[in-house]
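Since the structure comes first, as structure tokens, the remarks are kept for the end.
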Amino acid sequence: MAPLIICKKSLTSLAEEKYVNKKFIRDEDERPKVAYNEFSDDIPVISLAGIGECGGERAETCRKIVAACEEWGIFQVVDHGVDTELVKDMTRSAREFFDLPAEEKLRFDMSGGKKGGFIVSSHLQGEVVKDWREIVTYFSYPIKARDYSRWPDKPEDWRAVTEAYSEQLMELGCKLLEILSEGMGLEKDALSKACVEMDQKVVVNFYPKCPQPNLTLGLKRHTDPGLITLLLQDQVGGLQATRDGGKTWITVQPVEGAFVVNLGDCGHYLSNGRFKNADHQAVVNSNYSRLSIATFQNPAPDAILYPLKIEEGEKSVVNEPITFAEMYKKKMTNDLELSKLKKMAKENKLQEEILQKVKVEAQVKSCKSLEEILA
Ligand SMILES: O=C1C[C@@H](c2ccc(O)c(O)c2)Oc2cc(O)cc(O)c21
Ligand SMILES: O=C(O)CCC(=O)C(=O)O
Ligand SMILES: [Fe+2]
């Protein structure tokens, strides 16, 4: 029997449609509140040029980074030492991958729980509302965790470029962890030691143009699970952050050649809540497609999470020590449960409303027939 080929419509073709399919439509309270290109300069852009020094300049950079982590859990870095040509190659190579025909990308389909590859919308199975994005993701560190059969083989230079990119981002990630450790008043290597062995996972996000961007999100509101995320974004704009639980949002100003650094949940826990875990989302638009590359610097799966320092009079924000693998599973399960519960609550409310309407109509009807009898 001939093999059954299931053709999944990739988002790129959906982008040609006039309306957004209802699977992507968010509840009103989750829809974008600020435009993708209404930029804010609230997130500081910090030069790392002086961090090699021992004295004043390093201390000043460290102070700025700590302040940003306390305020938003987000900052941008420039003069970071990552090769400019490599960044361009990485972006070009990623764009070429998403330009491939759907069947080529689906050779790396990761639905069904495969570790790494291509998928539309989300790495989580069973999300109630879909994200307006395609992703390709791969595990890059530790090197023994690499499964090259899940890395794209097109464009031709994908593997060489992404390997070099991952290596340079690992270096940058480690430099930043040293600064954050010092900022917490600890030894330089405190955070990297807490990670046991640093893990790295790269998620390349492609957000196609969207016919009704006000109804949907490219990537729903979330915090990143790991320690820090180094995000490379193009000049389109779409990354948004909130620090009041989603009431108000700002759109992060894209800065050519910069990396956005997001503190993740582990950064929040290890600093005993002193550093914020960035609460963020990505919005889409009808004018341009957008590309962002998130490099997650994570603790090893069996690394134990517990605050590295608890000030006098403070309580731990972590109830009991937990491994990163357990924390990750709990978080993703919770995120999924929450969206399912929200859907159920909405359906129940709707059912309640329908029931109420039916009751009222029945009353009206019975009243009418009574009037008829009385007349
Ligand atoms: O795609 C992402 C983004 C992000 C994320 C966190 C939590 C969520 O519920 C969510 O929908 C997205 O962090 C990630 C962490 C990963 O390990 C893999 C990912 O694909 C992502
Ligand atoms: O595309 C963006 O700006 C955000 C991406 C992001 O938050 C993520 O991949 O975790
Ligand atoms: Fe994120």
Side-chain angles (χ1 to χ4, degrees), residues 26 30 32 36-37 39 43 72-74 76 91 94 98 110-111 113-141 145 150 199-208 217-242 249-255 258-267 276-285 288-299 301 324-325 327-340 342:
R26 298 260 158 204
E30 290 180 355
Y36 76 101
N37 55 358
F39 299 127
I43 303 298
W72 282 97
I74 309 185
Q76 304 205 51
T91 308
F98 289 108
M110 66 187 247
S111 53
K114 289 194 199 71
K115 289 196 93 196
F118 168 80
I119 200 156
V120 175
S121 175
S122 175
H123 61 300
L124 299 177
Q125 289 183 43
E127 279 277 23
V128 174
V129 182
K130 296 209 169 297
D131 289 327
W132 191 267
R133 66 168 180 167
E134 295 184 7
I135 63 175
V136 62
T137 174
Y138 59 94
F139 294 82
S140 36
Y141 283 96
R150 306 300 312 163
D199 251 49
Q200 189 193 63
K201 175 182 192 173
V202 178
V203 176
V204 186
N205 299 295
F206 176 69
Y207 305 98
L217 288 173
L219 171 54
K220 69 160 197 222
R221 181 180 162 199
H222 67 281
T223 57
D224 295 341
L227 203 51
I228 54 171
T229 307
L230 304 170
L231 186 83
L232 178 70
Q233 63 164 336
D234 61 23
Q235 295 302 294
V236 173
L239 171 63
Q240 299 194 328
T242 177
W249 289 89
I250 58 149
T251 309
V252 177
Q253 166 96 56
V255 173
F259 285 96
V260 180
V261 184
N262 285 339
L263 251 284
D265 297 340
C266 296
K276 290 216 164 98
N277 40 352
D279 194 352
H280 61 290
Q281 65 182 18
V283 299
V284 290
N285 71 89
Y288 307 99
S289 63
R290 174 171 176 261
L291 186 86
S292 78
I293 304 174
T295 304
F296 298 99
Q297 298 286 142
N298 292 341
F324 178 62
M327 183 232 119
Y328 185 90
K329 198 170 150 208
K330 251 192 194 167
K331 176 193 176 70
M332 296 305 173
T333 313
N334 274 354
D335 284 5
L336 270 177
E337 273 311 299
L338 219 82
S339 55
K340 283 182 188 154
K342 205 174 166 204

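Ligands are counted one by one from 1 in listed order, and the atoms in each one are counted from 1 as well.
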**Request:** Look at atom 3 (C) of ligand 1 and say which protein heavy atom is nearest, naming residue and atom and giving the distance to 0.1 Å.
**Result:** His222 NE2, 3.9 Å

**Request:** Taking only heavy atoms of Leu124 into account, list the atoms of ligand 1 that are under 4.0 Å away from them.
**Result:** 9 (O)

**Nearest non-hydrogen protein atom, atom 18 (C) of ligand 1** = Lys201 NZ, 3.3 Å

**Prompt:** What atoms of ligand 2 come within less than 4.0 Å of a heavy atom belonging to Leu231?
**Reply:** 2 (C), 3 (O), 5 (C)

**Asked** What residue and atom, counting heavy atoms only, is the protein's closest point to atom 16 (C) of ligand 1, and at what distance?
**Response** Tyr328 OH, 3.3 Å

**ligand 1 contact by His280, heavy-atom criterion under 4.0 angstrom** = no

**Message:** Check contact between Val203 and ligand 2, using heavy atoms of the residue and a distance below 4.0 angstrom.
**Reply:** no

**Item:** Region of Leu219 engaging ligand 2 - heavy atom pairs below 4.0 Å
**Value:** side chain

**Subset of ligand 1 atoms that lie under 4.0 Å from at least one heavy atom of Val203** = 19 (C), 20 (O)

**Request:** Say whether Asn205 and Ser292, considering side chains only, have a donor N or O and an acceptor N or O under 3.5 Å apart.
**Result:** yes

**Geometric N/O contact Arg133 with ligand 2, under 3.5 angstrom** = no

**Request:** For the residue pair Gln233 and Arg290, confirm or rule out a side-chain donor-acceptor distance under 3.5 Å.
**Result:** yes

**Of the listed options Ala278, Gly226, Ser292, closest to atom 2 (C) of ligand 2 (non-hydrogen atoms)** = Ser292

**Request:** List every atom of ligand 1 that sits less than 4.0 Å from any heavy atom of Asp335, numbering the atoms from 1 in the order shown and giving each element.
**Result:** 7 (C), 8 (C), 9 (O)

**Item:** Atoms of ligand 2 close to His280 [distance to a heavy atom under 4.0 angstrom, numbered from 1]
**Value:** 7 (O)

**For Tyr207, the ligand 2 atoms whose distance to one of its heavy atoms is below 4.0 Å** = 1 (O), 2 (C), 4 (C), 5 (C)

**Message:** Can you report which non-hydrogen protein atom sits closest to atom 3 (O) of ligand 2, along with the distance?
**Reply:** Arg290 NH2, 2.7 Å

**Asked** By number and element, which atoms of ligand 1 are closer than 4.0 Å to a non-hydrogen atom of Lys220?
**Response** 9 (O), 11 (O)

**Request:** Record the part of Thr229 in heavy-atom contact with ligand 2 below 4.0 Å; permitted values are side chain, backbone, both and neither.
**Result:** neither

**Item:** Closest protein heavy atom (residue, atom, distance) for atom 9 (O) of ligand 2
**Value:** Asn205 ND2, 3.1 Å

**Item:** Distance from atom 14 (C) of ligand 1 to nearest protein heavy atom, with residue and atom
**Value:** Phe296 CZ, 3.6 Å

**Message:** If the threshold is 4.0 Å, N to carboxylate O, is there a salt bridge linking Asp131 and Arg26?
**Reply:** yes

**Main-chain N/O of Ser121 paired with Arg133 side-chain donor or acceptor, under 3.5 Å** = yes

**Request:** Please report which non-hydrogen protein atom sits nearest to atom 2 (C) of ligand 1, along with the residue it belongs to and the distance in Å to one decimal place.
**Result:** His123 CE1, 3.8 Å

**Asked** Out of curiosity, is Gln233 lining ligand 2, as in a heavy atom under 4.0 Å away?
**Response** no

**Prompt:** Distance from Tyr141 atom OH to Thr295 atom OG1, nearest 0.5 Å?
**Reply:** 11.0 Å

**Prompt:** What do you reckon, does Asn298 put a non-hydrogen atom under 4.0 Å from ligand 1?
**Reply:** no

**Asked** What angle, to the nearest 10°, do the atoms NE2 (His280) and OD1 (Asp224) form about the Fe ion (ligand 3)?
**Response** 100°

**Prompt:** Could a heavy atom of His222 be found less than 4.0 Å from some atom of ligand 2?
**Reply:** yes

**Item:** Enumerated ligand 2 atoms positioned under 4.0 Å from heavy atoms of Leu239
**Value:** 3 (O), 4 (C)

